[in-house]
Structure formats: structure tokens, C-alpha cells
Amino acid sequence: MSPTVIGFIRTSLVSLVAGVTLGVLIALGLFSGANHPGYVTSAHAHVNLLGTVMMLIFGVGYHILPRFSGRPLYSEGIARVQLWINISGLAGLVVMFFIAGYSEADLLKFGVAPFGALYAAGALLFFVNMWKTLAAAPPAPRPGNLKQ
Ligand code: HEM
Ligand code: HEM
């Protein structure tokens with residue numbers, strides 16, 4: 001496995017622990033005094049979805065999709081940049097959802113959205129890297145053109 005793939009998977013594992021722990025703490029009512037408890041729930045939802053689920057999909061995708069397509073990954077450099085963009089976007093987004101939960105001001109637009117845009121930029125890099133990798137893949141062999 002490449003260090004980038006391991007980075008995505010480690011981020012997913014850390015998010016899993018943070019996400020389920022936060023879920024239990026929410027259920028215990030630890031954040032019920034927040035100004036906007038719904039935003040704390042959103043921090044939990046997104047550390048699980050953008051952190052655990054998406055980062056695992058990126059990591060496993062980077063490992064297996066080039067192998068399935070029979071071509072090397074289009075750019076290891078893009079993958080490495082994407083990893084750090086997504087880690088920064090995820091951390092910022094989750095922290096901002098949390099702060100928004102306790103803030104009087106509505107921090108969605110100027111706090112959550114910029115980090116969301118950063119995470120979305122990382123997702124766009126995944127799109128480009130995978131699209132280019134798959135575009136270079138040879139067609140799958142069919143029974144008619146298999147050599148004996
Ligand atoms: C030990 C594991 C977990 C616990 C104890 C837990 C607990 C909770 C609690 C207490 C809420 C707030 C419910 C409410 O106020 O209505 C919630 C919401 C949510 N959780 Fe979890 N959760 C866990 C794992 C997960 C995982 C693994 C995911 C996603 C992969 C997830 C996704 C969500 C989402 C999307 C919401 C928001 C739902 C909505 O807005 O209706 N949770 N969770
Ligand atoms: C950069 C990416 C994303 C941003 C900036 C973002 C932002 C938001 C915002 C602002 C809300 C409304 C929160 C509220 O009003 O309480 C929301 C809700 C939600 N989002 Fe996302 N989202 C992103 C990606 C995703 C992804 C990839 C998933 C699923 C895989 C997802 C699942 C949900 C769910 C289930 C809710 C409703 C539950 C809740 O937050 O309470 N989001 N999102």
C-alpha cells in the first residue's frame with residue numbers, strides 16, 4: 001500500500017473512533033445545553049460520513065481502482081495533495097460545526113462553508129485522478145478476442 005492510501009485509511013479509523021464516541025456523548029445529553037444542538041449532531045454526522053465513510057472510500061479506491069483497470073494511478077502527487085486538503089477540510093468543518101453549536105452567531109456561512117469548500121476541492125481532485133486513470137484503461141477482454 002502507498003503511504004497516501006495508508007494516510008486515508010488511518011484518517012478513516014481515527015474518524016470512526018471520534019464519530020462513534022461523539023454519538024454516545026450526544027445520546028448521553030452532554031451537549032444538550034448548546035445554543036444549536038443540531039450543529040453538534042452535524043459535527044457527529046460529518047465526522048462519520050466525510051471522515052470514516054468517504055476517507056475509507058478514497059483510500060480503498062486509490063488502492064484497488066488502478067489495479068482493476070490494469071493501469072497505474074494517473075498521479076500519486078494529486079492523491080497526496082488530496083489527502084492533506086481533505087484532512088484539513090474535515091478537521092476544520094467538524095470543529096466549525098462544533099463551535100457553531102455553541103455560538104450565538106450563525107457560523108455556517110463563514111465558518112463551515114469555507115472548510116466544506118476545501119473538502120469539496122479534495123473530492124474534485126479524486127474525480128480528476130480517477131477519471132484519468134480509468135480513461136487510460138484498456139477494454140475488458142471478451143470471449144471473442146481472447147487468445148488461446
Ligand atoms: C456508537 C455509534 C453511534 C451513536 C451512539 C450515535 C448516536 C447518534 C445520536 C444521539 C444522534 C442524534 C439523534 C437526534 O438528536 O435526533 C445521531 C445522529 C446522526 N448520526 Fe449517529 N451515532 C452513531 C454512529 C453513527 C454512524 C457510524 C453514522 C454514519 C456512518 C452516524 C450518522 C448519523 C447521522 C447522519 C445523524 C443525523 C441524523 C439526522 O439528522 O436525523 N452515526 N447519532
Ligand atoms: C464538503 C462537504 C459537505 C458539506 C459542506 C456539508 C454541509 C452540510 C450542512 C451545512 C448541513 C446542514 C446542517 C444543519 O443545518 O444542521 C448538512 C447536513 C447533512 N449532511 Fe452534509 N455536507 C457535506 C457532505 C456530506 C456528505 C458527503 C454526506 C453523506 C455521505 C452528508 C450527509 C449529511 C446529512 C445526513 C445531513 C443531515 C444530518 C445533520 O447534519 O444533522 N453531507 N451537511
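Every heavy atom of this structure was used, including side-chain atoms; hydrogens, water molecules and symmetry mates were not. Just follow the structure's listing: the first ligand is 1, and inside any ligand the first atom is 1.
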What closest approach, in Å, do His46 and Leu93 show between heavy atoms, and which atom pair accounts for it?
-> CB-CD2, 3.7 Å
Would you mind running through ligand 1 and noting each atom that sits below 4.0 Å from a heavy atom of Ala27?
-> 10 (C)
Examine ligand 2 and decide if any of its atoms is less than 4.0 Å from a heavy atom belonging to Phe115.
-> no
Numbering the atoms of ligand 1 from 1, which are under 4.0 Å from a heavy atom of Ile26?
-> 10 (C)
Same apolar cluster (I L V M F W Y, side chains within < 4.5 Å links), Met1/Phe126 | yes
Atom 29 (C) of ligand 1 protein-contacted, heavy-atom criterion under 4.0 angstrom = yes
Could you tell me whether the side chain of Thr52 and the main chain of Leu49 form a donor-acceptor pair under 3.5 Å?
-> no
Thr41 to Ile26 - nearest heavy-atom pair and separation = CA-CD1, 4.0 Å
Could you tell me whether a side-chain N or O of Thr11 sits under 3.5 Å from a main-chain N or O of Gly7, the two making a donor and an acceptor?
-> yes
Please name the pair of heavy atoms, one in Leu16 and one in Asn48, separated by the smallest distance, quoted to 0.1 Å.
-> O-OD1, 4.5 Å
Which atoms from ligand 2 have a heavy atom of Gly116 less than 4.0 Å away?
-> 1 (C), 5 (C)
State whether any protein heavy atom lies less than 4.0 Å from atom 20 (N) of ligand 1.
-> yes
Using a distance threshold of 4.0 Å (strictly less than), state whether atom 17 (C) of ligand 2 has a protein heavy-atom neighbour.
-> yes
In the protein, which heavy atom is nearest to atom 26 (C) of ligand 1, and how far is it?
-> Asn48 ND2, 3.3 Å
From the candidates Gly23, Pro37, Gly29, Ala45, the one that places a heavy atom nearest atom 34 (C) of ligand 1 = Ala45
Starting from atom 15 (O) of ligand 2, find the nearest protein heavy-atom neighbour and note its residue, name and distance.
-> Tyr39 CE2, 3.7 Å
For atom 33 (C) of ligand 2, closest protein heavy-atom neighbour = His46 NE2, 3.6 Å
Pair Phe98 and Phe31, ring centroids less than 6.0 Å apart = yes
Hey, do the aromatic rings of Phe8 and Tyr62 have their centres closer than 6.0 Å?
-> yes
In this structure, atom 13 (C) of ligand 1 is nearest to the protein heavy atom Thr41 CG2, 4.8 Å
What residue and atom, counting heavy atoms only, is the protein's closest point to atom 23 (C) of ligand 1, and at what distance?
-> His44 CE1, 3.5 Å
Atom indices of ligand 1, in the order listed, that fall short of 4.0 Å to a heavy atom of Val24 = 5 (C)
Minimum-distance protein heavy atom relative to atom 1 (C) of ligand 1 = Val20 CB, 3.6 Å
If you take all heavy atoms of Val47 and Ser15, which pair is closest and at what distance?
-> O-CB, 3.5 Å
For atom 10 (C) of ligand 2, what's the nearest protein heavy atom and its distance?
-> Phe97 CZ, 3.8 Å
Hey, does Leu50 sit under 4.0 Å from ligand 2 if you only count heavy atoms?
-> yes
Of Val40, Leu49, Asp106, Val112, the one whose closest heavy atom lies nearest atom 32 (C) of ligand 2 is Leu49
Do Ile57 and Leu83 share a hydrophobic cluster (ILVMFWY, side-chain heavy atoms under 4.5 Å, transitive)?
-> yes
Residue, atom and distance of the protein heavy atom nearest atom 40 (O) of ligand 2 read Ser42 OG, 2.8 Å
Could you tell me whether Tyr102 atom OH has more than 12 heavy atoms of other residues or ligands within 6.0 Å of it?
-> yes
Protein heavy-atom contact under 4.0 Å for atom 38 (C) of ligand 1?
-> no
Is a donor on one side and an acceptor on the other found under 3.5 Å between the side chain of Tyr74 and the backbone of Met130?
-> no
Report yes or no: do Leu13 and Val53 belong to one cluster of Ile/Leu/Val/Met/Phe/Trp/Tyr joined by side chain heavy-atom distances under 4.5 Å?
-> yes
So is Leu93 in contact with ligand 2, going by heavy-atom distances below 4.0 Å?
-> yes
